[in-house]
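What you are looking at is a predicted structure, and each value in this text was computed from that prediction instead of being measured. Because only heavy atoms are used, hydrogens play no part in the values below, and waters and symmetry mates are left out as well, while side chains stay in. Here, residue 1 is the first one in the sequence, and each next residue gets the next number.
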Amino acid sequence: MFMHGYPHGDNLLTWGFFITTYGMVLWFRDVISEGTYNGDHTKEVQRGLAIGFILFIISEVFAFLSVFWAFFHSSLSPSIVIGGTWPPAGIKPLDPFSIPMVNTLLLVSSGAFITYGHHALMKGSRKDALWGTIVTIVLAIIFTGLQYYEYKDCSFTITDSIYGAVFFASTGLHGIHVVIGTIFLLLGLVRVVNYHLTDTHHQGHEAGIMYWHFVDVVWLFLFTTVYYWSGV
């Protein structure tokens with residue numbers, strides 16, 4: 001709503017970010033206190049947190065599956081209502097080899113850098129762990145900026161047939177996950193800086209890295225289907 005100038009879109013966006021961030025801060029604060037200062041994160045607790053986070057990722061998979069289901073349902077057998085073609089008549093899809101391709105390279109590179117930082121942390125190389133995480137966060141911010149630019153200059157909106165609805169639902173949902181993942185990694189960076197994490201005790205940061213890899217994989221599917229397949 002904010003990107004396309006709807007009334008109060010800026011207020012909804014601001015409050016949405018504020019409430020989400022506030023909830024994450026409270027949750028992170030409790031988990032950090034329990035694990036770093038209170039010594040409550042025994043091996044069993046860490047195992048429980050890991051399983052819980054994996055189940056959370058699985059629930060996210062099904063959230064995106066519903067969006068992809070809507071995309072394939074509409075694109076594989078286009079209705080006569082939208083002209084019997086995909087993309088629908090009158091819709092000019094985005095060039096997959098412009099901003100989407102750049103964003104693909106950014107996310108794939110960020111996945112490589114955060115993996116490098118993760119392995120550096122497990123080997124006790126704090127400096128390399130910091131650099132790997134910092135570069136990943138910078139690439140993530142650039143990705144979000146390019147996504148904003150793409151939305152701003154897009155020739156169609158979320159109300160332009162099923163194509164617009166599915167395009168913005170899928171890429172928007174992914175964009176929200178990129179922002180949340182960036183916050184995850186930023187928190188991990190702060191914890192590395194403050195010596196909260198060791199080579200054997202970094203459950204929270206590892207969860208953030210797992211989340212980021214999930215975001216990477218989802219984008220590859222998005223680029224292949226929503227951008228490339230629909231745009232060529």
Next on the checklist: If hydrophobic clusters are built by linking Ile, Leu, Val, Met, Phe, Trp and Tyr wherever their side-chain heavy atoms come under 4.5 Å apart, do V190 and V31 end up in the same one?
Outcome noted: no

Checklist entry - Atom CG in L222, atom OG1 in T104: separation rounded to 0.5 Å? => result 9.5 Å

Checklist entry - When clusters are formed by joining ILVMFWY residues with side-chain heavy atoms under 4.5 Å apart, either directly or through shared neighbours, do L105 and V218 land in the same one? => result no

Checklist outcome for this item: Nearest heavy-atom approach of F168 to T157 is CE1-C, 3.4 Å

Item to check | Heavy-atom check, side chain of I137 versus side chain of I141, under 4.5 Å | outcome: yes

Next on the checklist: Would the distance check show the side chain of Q46 and the main-chain N or O of H41 forming a donor-acceptor pair, the cut-off being under 3.5 Å?
Outcome noted: yes

Checklist entry - For D95, does its backbone N or O pair with a side-chain atom of S98 as donor and acceptor, under 3.5 Å? => result yes

Checklist entry - Say you draw a straight line from CG of L220 to CG of L107; how long is it, rounded to the nearest 0.5 Å? => result 8.0 Å

Next on the checklist: Would you say that D128 contacts Y116 through its side chain, given a criterion of any heavy-atom pair below 4.5 Å between the two side chains?
Outcome noted: yes

Item to check | Distance-only donor-acceptor check, side chains R191 and T36, under 3.5 Å | outcome: yes

Next on the checklist: Run L130 and V193 through side chain to side chain contact (heavy atoms under 4.5 Å, CB included) and show every step you take.
Outcome noted: CA-CA 7 Å; L130 285 170; V193 170; 3.6 Å; yes

Next on the checklist: In this structure, would F17 and W27 fall into the same cluster of hydrophobic residues linked by side-chain contacts under 4.5 Å?
Outcome noted: yes

Checklist entry - Are any of the side-chain heavy atoms of F2 and N11 separated by less than 4.5 Å? => result no

Checklist entry - For the atom pair CD1 (I57) and CZ (F62), what is the distance rounded to the nearest 0.5 Å? => result 13.0 Å

Checklist entry - Which word best sums up how the rings of F68 and F64 line up, parallel for under 30°, tilted for 30 to 60°, or perpendicular for over 60°? => result tilted

Checklist entry - With distance as the sole criterion, is a donor-acceptor pair present between the side chains of T171 and Y151 under 3.5 Å? => result yes

Next on the checklist: Hydrophobic clusters here meaning ILVMFWY residues chained together by side-chain heavy-atom distances under 4.5 Å, can you tell me if I58 and V67 are in one?
Outcome noted: yes

Item to check | Residue pair T136 / W212, side-chain donor-acceptor N/O under 3.5 Å | outcome: no

Checklist outcome for this item: Interatomic distance, CD1@I114 vs NE2@H119, rounded to 0.5 Å, equals 11.0 Å

Checklist entry - Between the main-chain N or O of A63 and the side-chain N or O of S66, is there a donor-acceptor pair closer than 3.5 Å? => result yes

Checklist entry - Can you say whether the rings of F214 and Y211 are parallel (under 30°), tilted (30 to 60°) or perpendicular (over 60°)? => result tilted

Next on the checklist: If you take the centroid of each ring, where Trp contributes its six-membered ring, are F184 and F28 closer together than 6.0 Å?
Outcome noted: yes

Next on the checklist: Are F156 and K92 packed together at the side-chain level, in the sense that at least one heavy-atom pair is separated by less than 4.5 angstrom?
Outcome noted: no

Checklist entry - If you round to the nearest 0.5 Å, how far is OG of S110 from CG of N103? => result 10.0 Å

Checklist entry - Looking only at heavy atoms, which two atoms of I82 and S74 are closest? And how far apart? => result CD1-O, 4.4 Å

Checklist outcome for this item: Closest heavy-atom pair, P88 versus Y163, reported as atoms and distance to 0.1 Å, is CD-CB, 3.5 Å

Item to check | Short side-chain donor-acceptor distance under 3.5 Å, T115 and H213 | outcome: yes

Checklist entry - Is any side-chain heavy atom of L187 closer than 4.5 Å to a side-chain heavy atom of M24? => result no

Item to check | Ring centre gap for H174 and F143 strictly below 6.0 Å | outcome: yes

Next on the checklist: For a side chain to side chain contact (heavy atoms under 4.5 Å, CB included) check, start with the C-alpha distance between L189 and H205, then their side-chain angles and the critical distance, and finish with the verdict.
Outcome noted: CA-CA 8 Å; L189 175 64; H205 191 40; over 6 Å; no

Checklist entry - Does the ring center of H118 lie less than 6.0 Å from the ring center of H202? => result yes

Checklist entry - Under the 6.0 Å and 45° cation-pi test, does R126 pair with Y195? => result yes

Checklist entry - For D216 and G111, which heavy atoms make the closest approach, and how far apart are they? => result OD2-CA, 3.2 Å

Checklist entry - Do other residues, nucleotides or ligands put more than 12 heavy atoms under 6.0 Å from F113 CZ? => result no

Item to check | Beyond-backbone contact of F223 with P96, side-chain heavy atoms, under 4.5 angstrom | outcome: yes

Item to check | Test of ring centre spacing under 6.0 Å for W15 and Y22 | outcome: no

Item to check | side chain to side chain contact (heavy atoms under 4.5 Å, CB included) between Y228 and F97, intermediate numbers included | outcome: CA-CA 8 Å; Y228 179 74; F97 298 107; 3.6 Å; yes

Next on the checklist: Within the structure provided, determine whether I162 and W86 are in side-chain contact (heavy-atom separation under 4.5 Å).
Outcome noted: yes

Next on the checklist: Do L146 and L106 have side chains that approach each other closer than 4.5 Å (heavy atoms only, starting at C-beta)?
Outcome noted: yes

Item to check | H73, NE2: over 12 other non-hydrogen atoms inside 6.0 angstrom | outcome: no

Next on the checklist: Is there a path of hydrophobic side-chain contacts, each under 4.5 Å between heavy atoms of I/L/V/M/F/W/Y residues, joining I183 to V25?
Outcome noted: no

Next on the checklist: If you compare all heavy atoms of P78 against all heavy atoms of G84, which two are closest, and at what distance to 0.1 Å?
Outcome noted: CB-C, 3.6 Å

Checklist entry - Between atom CD1 of I32 and atom CG of N194, what is the distance when rounded to the nearest 0.5 Å? => result 9.0 Å

Checklist entry - Step by step, would you call F72 with T225 a side chain to side chain contact (heavy atoms under 4.5 Å, CB included)? => result CA-CA 9 Å; F72 285 114; T225 56; 3.5 Å; yes

Next on the checklist: Looking at every heavy atom in both S155 and D160, which two are closest together, and how far apart are they?
Outcome noted: O-OD2, 4.5 Å

